[in-house]
Amino acid sequence: MNKLGKKNIIIPIILILLVGTIFFFATRNNANETQVQYKQFMREVENGNVSEVYISTKETMQFKLKDGKIFITENPRSLNLKETLLLSGVKVYERDLKSPAELIILITIAGSLVSAFIYLTLKNSKSKGGAFRLSSIDVEATQNTGLTFEDIAGNFEAKESIKELVDFIKTPEKYAKFKARMPRGVILYGPPGTGKTLMAKALASEAGVPFFAVNGSDFVQIYVGVGAGRIRDLFKKAKEKGKAVIFIDEIDAIGEKRSMRADGGSDERDQTLNALLSEMSGFKNSEGIVVIAATNRLDTLDEALLRPGRFDRHIEVNLPDVKDRQRILELYCKDKPMAHDVDLYKIAQLTVYFSGAKLENLVNEAAILAVKENSEYITMEHLDKALSIVIAGSEKKNKDIIKEDDRKITAYHEAGHALITKLTSNSLVRKITIIPSTKGAGGYTLTIPEDKTYHTKRGLLDMIKIYIAGRAAEEIIFGEENITTGASNDIQKVTEIVLGMFKDYGMFKETGLLNYSVIQEHTQIDSKTIVEQANHLVSNLYDEVKEMIIENIDKLNILANELLEKETIYEEDINRILA
Ligand code: ADP
Ligand code: ZN
């Protein structure tokens, strides 16, 4: 912040005057207009009598009738109100309604304030930057966070991906010589507390460069252009340092998809996003600046952010599985006095769905308990008690202690997908996990499909089988009454594929070599036939899949049990079991 001279106390005085005046008019306004009930207001809207509505952040809002009369009513602060009004043909303004006289007074005051402001700023220009720089952002580089990759347990894949960047930051010239385009932006996505910030910090300190940390919400301002200015400021500061890691937490605040934003896309956000994109495309390859952004969910981000040359490397940072939980616990217990009977694998088994942050917290609570009891060591009992404390203290209690039943259902569901994948296709099953990802599923099976330009009819049918296999396994193991909602995504995919086969690809005699979307443009079609045919087909495939699973029930059981024990299993184990 700049230090303003004592003589400049005139600014606060003018500010007080301005605020006072606005307050005066704001209250006077309300005194002048009749207040009506919200119900009556809505009635006037329905009758088409209202011409304009002025919605601000105040408790009340003003509206003008077609005959020019002005009233006020309660502001419901509802998100839908604006839409409802617009649909009824009412003009909506997001400000107060001011009379011309008031406007003139306000403009005069604002004008004199701005003149005084400019005058003082110019007088002050020796202290760089001027009195208030709306665009400045208080971010200082941290020279050395002191963290190394050793301080991150588990997360092997993500860590390896990040490690590659160390060399690039240290010697960008090497890559520039070969015209290799290294990633400028990396997005780390996954649930909170899984070590995303930790990785960015470790990267900076291992590469020995300054670390700039900001939050996406710092850039979302009411004034158009401020956020964009802050972005340019941030990059300028980073460039002054030569090399740097810039970490933007909660990037969604800037880069959320338009369709997902509550405000439906505003100029301010667009400008901020564009500023970020253009700063990133402005890097030279020889510069060692890397931008790391973190978000909980990748699928909510604007595609513009994810394109090549921008944030083109996406690294998933997931909740740790049992092995990784043990590693994280070990990391935090390493330099603490631990009793000999402490079995961290056991604690790892009890902490399903815990993030790294929560595990760290758990060990800390146990240490505090040990100190309180004047104990020499942290014991199993301390850890057990700490676990109850951490679970009780978290908001999502029920989610943390997931029922064994739920894990079992997920394990069989995913095992079903994997089994049928192996039985029907040449695709590789890389990984099966029952740890939920940010995609919202209970677990998932990661397959690498064969590389093909076309899908054959056989291939599409197999794909359907793989998708319905999760539900089929659930039904076989737990009974028809106990099938779950876990298959909803699978069913959506199946529907898309099967309707495509009938409607667009002309793959069945029953519906012929016709494109039904085109037909629909010209005549009304009766979609009943297609739906019936599609349903018939999927039902048959479902029966076939159930038979296949029953024939291989031992394999399914082994897969599911191993999943329950390890939570995540990889290609090698999968191939061994399914061989
Ligand atoms: P995120 O940025 O993903 O929300 P953080 O990096 O801020 O998570 O993690 C918060 C804290 O949790 C870290 O400071 C660290 O103590 C702990 N933590 C999380 N994940 C790990 C991990 N894999 N290894 C070690 N500590 C972790
Ligand atoms: Zn599924």
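In this chain, residues are counted from 1 in sequence order. Read the numbers this way: they start at 1 and go in the same order the structure lists the ligands and their atoms.
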From the list T433, D573, N318, side chain to side chain donor-acceptor pair (under 3.5 Å) partner of T568 resolves to T433

Can we say E160 and K163 salt-bridge, meaning some charged N sits less than 4.0 Å from an Asp/Glu carboxylate O?
yes

Expected contact list for ligand 1 at under 4.0 angstrom, heavy-atom basis, is D151, I152, A153, N155, P192, G193, T194, G195, K196, T197, L198, I328, L331, Y332, G356, A357, E360

- Message: Could you go through F478 and Y412, starting from their C-alpha distance and side-chain angles, then the distance that decides it, and tell me whether this counts as ring pair (Phe, Tyr, Trp, His ring centres under 6.0 Å)?
- Response: CA-CA 9 Å; F478 305 104; Y412 273 100; 5.8 Å; yes

* With no hydrogens and no angle check, do the side chains of E414 and T445 hold a donor and an acceptor under 3.5 Å apart? -> yes

Stepwise side chain to side chain contact (heavy atoms under 4.5 Å, CB included) test for Q326 and K346: CA-CA 8 Å; Q326 187 182 352; K346 212 165 187 180; over 6 Å; no

Residues passing the side-chain hydrogen bond (donor to acceptor under 3.5 Å, both in side chains) test with Y542, sequence neighbours excluded, are E475

Closest to the Zn ion (ligand 2), among the N/O/S atoms of H417, is atom NE2

Exercise for review: Answer with yes or no whether the side chains of E365 and H382 bring together a donor and an acceptor at under 3.5 Å.
Suggested key: no

The N/O/S atom of D490 lying closest to the Zn ion (ligand 2) is OD2

